[in-house]
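Input: a single structure, listed below in structure tokens.
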Amino acid sequence: MTNDCIFTSMGMFIIDEIHFPENSSKRSHYNVIGGGGCYGALGSRIITGPSNSEKVGWIIDKGNDFPKDVEDYLKSWNTGAIWRETPERLTTRGWNMYGEREFREFKYLSPKLRITVDDLIENKPLLNSQSYHLICSPQRSIEILESLQKARSQSLPSPIITWEPVPDLCLPENLKDCLSVLPNLNVLTPNAEEAARFFSQPEPVTKQQHEELAAKFISNLTNDSQFQTGSGIVLRSGALGCFILTSKGINEWIPAYHNENNPTRSVIDPTGGGNTFIGGFTTGFVMSEGDWRIAALCGNIAAGIAIEQIGMPVFKVKKEGEDEWNGKSFKQRVEDYVEWNKLDFDVGEVLRVLKLD
């Protein structure tokens with residue numbers, strides 16, 4: 001067994017405060033665990049289970065105001081997190097205001113500390129990771145990939161690269177730069193509304209509109225992975241689930257975990273659902289050796305767990321070594337999800353592939 005990570009997020013850890021309009025009956029929340037890196041790690045940790053938990057790679061910059069209960073909770077996951085003590089600064093904090101239709105206004109309350117390839121070089125398990133989660137501009141993604149290529153051992157297989165364009169930069173003037181990045185990726189995964197903004201289009205509503213939007217990117221996704229299953233776009237489409245379109249002919253919808261077929265459907269806060277999907281998808285992709293459908297199943301279930309509450313889910317390790325997230329194990333959720341949606345997945349085979357049987 002190698003100590004190298006299965007998944008590493010280049011996203012940051014952030015402590016959030018969440019507010020709602022004055023005319024809302026909802027109360028504000030403080031010291032909420034957040035940030036793209038943390039949610040990516042959550043998604044990955046859900047899929048690895050306890051046996052591979054230490055192969056979830058991410059960096060937590062701990063300022064002088066870091067809450068002890070937050071630290072205790074995150075350490076209970078037993079991931080391969082790198083804790084960096086930065087007593088000269090405040091922990092990166094964010095302010096969120098939610099409006100109608102999940103509109104979010106965001107600003108930093110303290111200076112952010114970006115994760116760079118130099119940080120990975122100092123931590124070999126992260127530098128040798130089998131996959132990376134990038135949340136950045138097209139220009140920065142190219143810089144990261146070039147630096148990674150130089151820093152990593154040439155004897156290692158090329159890592160799986162999953163890129164989420166920064167939502168604020170999903171604009172027509174950045175489309176050319178976005179398309180120029182795609183030949184260097186394995187997975188492009190914007191949400192549908194953000195992808196549509198590249199083309200000055202409204203958010204797609206029907207499945208056909210989503211499929212037509214995804215098709216606008218696919219010709220640029222020319223890379224292949226060590227698994228020889230092609231590259232592709234995974235369009236994240238909220239309650240519809242996700243649409244997969246790959247360079248090797250996969251063209252398929254995989255339903256959301258919380259959809260109309262779920263009798264326990266409970267969506268409290270969509271924050272972090274996208275990044276949790278990416279962590280779950282990418283980890284599932286690596287562990288299944290490039291199976292797009294199993295990866296999407298992993299992503300959708302992980303995202304479903306992330307949005308069942310404000311902040312992080314209730315986490316518990318059962319005596320027999322199985323995790324529970326909000327009172328249900330990943331295995332239970334796979335069984336329910338496949339049954340509710342009448343999917344043609346063999347649950348036993350999915351768990352075997354993910355080494356969770």
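Start at 1 with the first residue, then count along the sequence.
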_Once rounded to the nearest 0.5 Å, what's the spacing between atom CD of Gln201 and atom CG of Leu213?_
6.0 Å

*Quick one: CG on Asp168 to CD on Glu194, what's the gap to the nearest 0.5 Å?*
9.0 Å

*Please examine the side chains of Leu169 and Pro165, heavy atoms only from C-beta on, and report whether any two atoms are closer than 4.5 Å.*
no

*asked:* Any side-chain to backbone donor/acceptor pair from Thr86 onto Lys62? Under 3.5 Å, distance only.
replied: yes

_Can you confirm whether more than 12 heavy atoms, excluding those of Lys318, are under 6.0 Å from its NZ atom?_
yes

_We want to know whether Thr271 and Tyr98 form a side-chain donor-acceptor pair, criterion being a heavy-atom distance below 3.5 angstrom._
yes

*Do the side chains of Tyr257 and Phe315 join up, straight or via other hydrophobic residues, at under 4.5 Å, putting them in one cluster?*
yes

_Could you walk me through whether Arg45 and Asp323 satisfy the salt bridge (charged side-chain N to carboxylate O under 4.0 Å, His left out) test, starting with their C-alpha distance in whole Å, then the side-chain angles of each, then the deciding distance to 0.1 Å, before giving a yes or no?_
CA-CA 10 Å; Arg45 176 62 183 80; Asp323 298 329; 2.6 Å; yes

*For the pair Glu193 and Arg197, evaluate salt bridge (charged side-chain N to carboxylate O under 4.0 Å, His left out) and give the outcome as yes or no after the intermediate values.*
CA-CA 6 Å; Glu193 187 272 331; Arg197 274 197 265 131; 2.8 Å; yes

*When you check the gap from the basic side-chain N to the acidic O, do Asp346 and Arg352 get nearer than 4.0 Å?*
no

*Group every Ile, Leu, Val, Met, Phe, Trp and Tyr by side-chain heavy-atom contacts under 4.5 Å, then state whether Val56 and Trp325 land in the same group.*
yes

*Side-chain donor-acceptor contact under 3.5 Å, Thr246 with Trp292*: no

*Cluster link Ile294 to Val334, ILVMFWY, side chain under 4.5 Å*: yes

_Any donor-acceptor N/O pair, Asp65 side chain to Thr91 backbone, under 3.5 Å_ = yes

*So do the side chains of Cys178 and Phe217 get within less than 4.5 Å of each other, counting heavy atoms only?*
yes

*Heavy-atom check, side chain of Asp291 versus side chain of Thr229, under 4.5 Å*: no

*State, yes or no, whether a side-chain contact exists between Asp344 and Arg293 at a heavy-atom distance under 4.5 Å.*
yes

_Arg93 side chain to Asn31 side chain, donor-acceptor N/O pair below 3.5 angstrom_ = yes

_Are Phe7 and Phe281, when compared by the centres of their aromatic rings, separated by less than 6.0 Å?_
no

*Measure the OG-CD distance between Ser225 and Gln130 for me, rounded to the nearest 0.5 Å.*
11.5 Å

*Please tell me if the side chains of Leu113 and Arg84 come closer than 4.5 Å, counting only heavy atoms from C-beta onward.*
yes

*asked:* Surrounding NZ of Lys26 (heavy atoms of other residues, nucleotides or ligands, distance under 6.0 Å), is the total greater than 12?
replied: no

_Using modelled atom types and a 3.5 Å cut-off, is there a donor and acceptor pairing between side-chain atoms of Asp4 and backbone atoms of Leu126?_
no

*asked:* Using side-chain heavy atoms (C-beta onward) and a distance below 4.5 Å, is Pro255 in contact with Tyr337?
replied: yes

*Work out which heavy atom in Leu221 is nearest to a heavy atom in Gly232; give both atom names and the distance.*
CD1-C, 3.5 Å

*Using the rule that two of Ile, Leu, Val, Met, Phe, Trp, Tyr join whenever any of their side-chain heavy atoms come within less than 4.5 Å, decide whether Met12 and Leu90 are in one cluster.*
no

*List for me each residue that meets side chain to side chain contact (heavy atoms under 4.5 Å, CB included) alongside Leu134, sequence neighbours excluded, and say none if there are none.*
Met10, Tyr132, Cys136, Ser141, Ile144, Leu145, Ile161, Trp163

*Give a yes or no answer on whether the side chain of His258 reaches the backbone of Gly304 with a donor-acceptor pair at less than 3.5 Å.*
yes

*Distance-minimising heavy-atom pair for Ala256 and Gly238*: CB-O, 3.6 Å

*May I ask you to test the Tyr108-Thr92 pair for a side-chain heavy-atom distance under 4.5 Å?*
yes

*Which class fits the ring pair Trp253 and Phe243: parallel under 30°, tilted 30 to 60°, perpendicular over 60°?*
tilted

*Please report the closest heavy-atom contact between Cys298 and Leu354, naming both atoms and the distance.*
SG-CD1, 3.6 Å

*Is it the case that Thr282 and Thr162 place a side-chain donor and acceptor less than 3.5 Å from each other?*
yes

*With a 4.5 Å heavy-atom cut-off, do Phe13 and Asp61 have their side chains touching?*
no

*Any side-chain donor near an acceptor of the partner, Glu212 and Gln208, under 3.5 Å*: yes

_Within the 6.0 Å centroid threshold, strictly below: Phe106 and Trp95_ = no

_For the backbone of Ile254 and the side chain of Asn300, can you confirm whether one donor and one acceptor N or O come within less than 3.5 Å of each other?_
yes

*More than 12 heavy atoms of other residues, nucleotides or ligands under 6.0 Å from NZ of Lys75: is that the case?*
yes

*Could you state the interatomic distance from NZ (Lys216) to CD1 (Ile218), rounded to the nearest 0.5 Å?*
14.0 Å

*asked:* With a 6.0 Å cut-off (strictly less than), is the heavy-atom count around CD of Gln309, excluding the residue itself, greater than 12?
replied: yes

_Name the residue from Val338, Leu297, Asn326, Ile46 that meets the side-chain contact (heavy atoms from CB on, under 4.5 Å) definition with Arg333._
Asn326

*Can you tell me how far the CE atom of Met287 sits from the CG atom of Asn52, to the nearest 0.5 Å?*
4.5 Å

*Flag yes if Ile60 and Trp77 sit in one hydrophobic cluster, no otherwise; membership is Ile, Leu, Val, Met, Phe, Trp, Tyr, and two members link when side-chain heavy atoms are under 4.5 Å apart.*
yes

*Indicate the atoms forming the closest heavy-atom contact of Gly273 with Ala303, along with that distance.*
O-CB, 3.5 Å

*NZ/Lys331: more than 12 non-hydrogen atoms of other groups inside 6.0 Å*: no

_Closer than 4.0 angstrom, basic N to acidic O: yes or no for Lys207 and Glu211?_
no

*About how many Å separate CD of Glu289 and CD1 of Ile160, when rounded to the nearest 0.5 Å?*
10.5 Å

_Is it the case that the side chain of Ser231 and the backbone of Leu185 share a donor-acceptor pair, with hydrogens and angles ignored and the cut-off at 3.5 Å?_
yes

